[in-house]
Amino acid sequence: MFRHMELAAVPPNAFTFAGIIAACSSSGHPQGLQAGRQLHARVFKFALEHDTSVCNALVDFYSKSSARLLDLVHAFNATDTPNVVSWTAFISGLARHGRDEDAFAAFAEMRASGVQPNSFTVSTLLKGCTSSQCFVNAAKIHAYVLKTSLQSLDVSVGNSLVDLYSRFARMDGAWTVATSMALVRDSFTYTSLAKGLNQVGLPNKALEMIVHMFQEGVHVDSFSLACFLSAAATLPSIEPGMQLHCCSVKLGLSSQVSVSNSLINMYSKHKCLEDAKSVLQSIREPSVVSWNALISGLASNGSYYEALSVFEDMTLGGAQPDAITFSIVLHACTHGGLVDIGINHFNSMRKHFGVSPQRSHYTLFLDMLGRAGRLAEAACTIEAMPIQPDLSMYRNLLAFCELHNDLVVGENVARKALELYPSDTVFQNMLSGICGAAWKHDRGVHVHSMKSDAAISFDVSTSSMR
DNA sequence: ATAGGGTTAG
């Protein structure tokens, strides 16, 4: 429509730009970023770069669409007199980039500049709070909220606090806030509570939330139901899970993908793999989570080959696997003894699916090779990795060298490990493993650490270690 | 023009 407007020579105004820029940030299309940048240029052409709404739309756009933090900072700095909306969009962007501390700093700066935060600002700030360092700041925000809210808590702010405490496993704090929200609790409140209770290992308590919801007339929706099904998945009996399945059908929520995904998980955890499979088949457009849940369910029930076959179905159908998919696949290959298949999948994850192996994938991959006794390949992998290997990776690999009596690889791995981690205690621990292997092989070994100027020798003739 | 909840691994 914007193009039609241009062709019709109708000059766009600030409202036009605010609307069309917002469309770019919420479209979910990769072209959104490109289109938004072009519109940014048009803003200057029409001399609207000082309009507050346009500036705010741009801040929000760069916050949501650009991977570059500088884009966001520039857009915010270009705003002449930032108002509460500008600051909130900016804080939201900082949080999205994982800059918790900066988000709190911006909040302080905002208040210092005389702009009063609103409930949107506080919710944004609390959601962005992920590190335990920031939890301390968040507790101060709680105090600030209590001090400034004249009557009762805003629902969104209250829910953000409940969620915050739940995320940090502080269920007492979450419950206290929820209690203070007596008349305004909604499905958001209960979803956060249920998720938190699941995380601290209290699935029965999580399921009790359903009773509260019924009593208070709060509707169970797909989000809360997903959490309840997740709780039911960990119970010893399948009954509550099946009741929730019935419940989801009665509520008309059984075709929601998140509910189906939780059902797949729930049936898998109770070893009802046929049910899990039929739920997957019932989904019109399975998400990556749906596939992951089934592949994982099959693998953890020992059906490694079938798990890999479902992975094939997934990719042949054009679904995009993610980092979790490959973790599950590697795990299945390791425990199913399907090493060559695992190597192929590991090599194809970046090449064919654009998923870069993370540290955890390398750990799984090394574990797979180590278990299978393919230690030379494992040693090559640990050397060629684009990330610095963990100490635990070396420890595990050395343990496999010992297990498989591969002293040659073991010595090389130990030497490399010592170059990276030259601390003496580590050195001793590793060497005792290698010397153990040397002893089994009835040969001596001498390893020297350049950095710590330490060395250990194991002398076969005297069975002594120096 | 700005905000709050979900399901999958180990």
Side-chain angles (χ1 to χ4, degrees), chain A residues 14-15 17-19 21-22 25 51-61 63-64 79 82-93 95 117-128 153-164 166-167 184-196 198 221-231 233 253 256-266 268-269 276 279-280 283 286-297 299-300 307 321-332 334-335 358 360-361 363-364 367:
Chain A
F15 290 93
F17 277 109
I21 292 167
S25 45
D51 182 273
T52 311
S53 298
V54 173
C55 286
N56 290 349
L58 283 167
V59 173
D60 184 54
F61 162 72
S63 154
K64 285 177 179 156
T79 309
N83 64 12
V84 62
V85 177
S86 335
W87 279 107
T88 304
F90 181 50
I91 291 171
S92 168
N118 63 17
S119 61
F120 284 59
T121 322
V122 175
S123 294
T124 303
L125 194 59
L126 292 175
K127 190 188 181 190
L153 274 180
D154 177 274
V155 200
S156 300
V157 171
N159 285 339
S160 299
L161 284 166
V162 171
D163 192 60
L164 171 85
S166 289
R167 284 203 314 267
V184 293
R185 284 190 289 259
D186 60 13
S187 55
F188 284 69
T189 325
Y190 284 110
T191 304
S192 291
L193 286 171
K195 189 181 185 200
N198 284 344
D221 62 8
S222 61
F223 286 75
S224 46
L225 198 52
C227 283
F228 296 137
L229 281 164
S230 187
L253 299 171
Q256 296 284 320
V257 184
S258 60
V259 172
S260 301
N261 294 346
S262 302
L263 283 168
I264 294 172
N265 178 51
M266 189 275 292
S268 295
K269 292 274 156 62
V279 173
L280 183 98
I283 308 176
S287 70
V288 61
V289 178
S290 324
W291 291 107
N292 289 352
L294 184 61
I295 298 169
S296 159
S300 52
D322 66 3
I324 294 180
T325 317
F326 284 104
S327 292
I328 304 165
V329 165
L330 286 171
H331 186 258
T334 301
H335 292 92
Q358 302 161 358
S360 58
H361 294 113
T363 304
L364 288 163
D367 184 62

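From a predicted model like this one, the values you see are computed outputs, not experimental measurements. Here is how names work: the chains are called A, B, and so on, in the same order as the sequence lines, proteins then strands, and each is numbered from 1.
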Starting from [atom2] on [N], measure out to [atom1] on [X] and report it in whole angstrom.
X       : N      : atom1 : atom2 : answer
I283(A) : dT8(B) : CD1   : C1'   : 12 Å
H335(A) : dA9(B) : NE2   : P     : 15 Å
L294(A) : dT7(B) : CG    : P     : 18 Å
L263(A) : dT7(B) : CG    : P     : 14 Å
N198(A) : dG5(B) : CG    : P     : 16 Å
K269(A) : dA9(B) : NZ    : P     : 4 Å
D367(A) : dA9(B) : CG    : C1'   : 14 Å
N56(A)  : dA3(B) : CG    : P     : 11 Å

Exercise for the section: Please check if any side-chain donor atom of N265(A) sits under 3.5 Å from a side-chain acceptor atom of S268(A), or the reverse. Expected result: no
From [options], nucleotide with atom closest to [X] side chain:
X       : options                 : value
S296(A) : dG5(B), dA9(B), dA1(B)  : dA9(B)
S230(A) : dA1(B), dA3(B), dT8(B)  : dT8(B)
A89(A)  : dG10(B), dT2(B), dA1(B) : dT2(B)
S192(A) : dG5(B), dA1(B), dT8(B)  : dG5(B)
F223(A) : dA1(B), dG5(B), dA3(B)  : dG5(B)
I324(A) : dT7(B), dA3(B), dT8(B)  : dT8(B)
F188(A) : dT7(B), dG5(B), dG10(B) : dG5(B)
S187(A) : dG5(B), dT7(B), dA3(B)  : dG5(B)

For [N], take OP1 and OP2 only and decide whether either is under 4.0 Å from a side-chain N or O of [X].
X       : N       : answer
K64(A)  : dA1(B)  : no
H331(A) : dG10(B) : yes
N265(A) : dT7(B)  : no

Handout entry: dA3(B) base / D154(A) side chain donor-acceptor hit below 3.5 Å
Key =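 Answer no: no donor N or O sits under 3.5 Å from an acceptor.
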Pick base, sugar-phosphate or nothing for [X], based on heavy-atom distances below 4.0 Å to the nucleic acid.
X       : value
N118(A) : base
T124(A) : sugar-phosphate
I328(A) : sugar-phosphate
S262(A) : sugar-phosphate
S327(A) : base
V122(A) : nothing

Problem - Qualifying residue, where the test is side chain to side chain contact (heavy atoms under 4.5 Å, CB included) with I21(A) and the options are L58(A), N56(A), V59(A) - result: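 With I21(A) as partner, side chain to side chain contact (heavy atoms under 4.5 Å, CB included) holds for just one option, L58(A).
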Handout entry: By ring pair (Phe, Tyr, Trp, His ring centres under 6.0 Å) - contacts of H331(A) (at least two apart)
Key =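 With neighbours one apart ignored, the set is H335(A).
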Fill in the blank from the handout: Taken in chain and number order and not counting sequence neighbours, the residues that satisfy ring pair (Phe, Tyr, Trp, His ring centres under 6.0 Å) with W87(A) are F76(A)
Problem - Working for side-chain hydrogen bond (donor to acceptor under 3.5 Å, both in side chains), residues T121(A) and N118(A) - result: CA-CA 5 Å; T121(A) 322; N118(A) 63 17; 3.0 Å; yes
Fill in the blank from the handout: Rounded to the nearest 0.5 angstrom, the CZ-OG distance for F188(A) and S160(A) is 9.5 Å
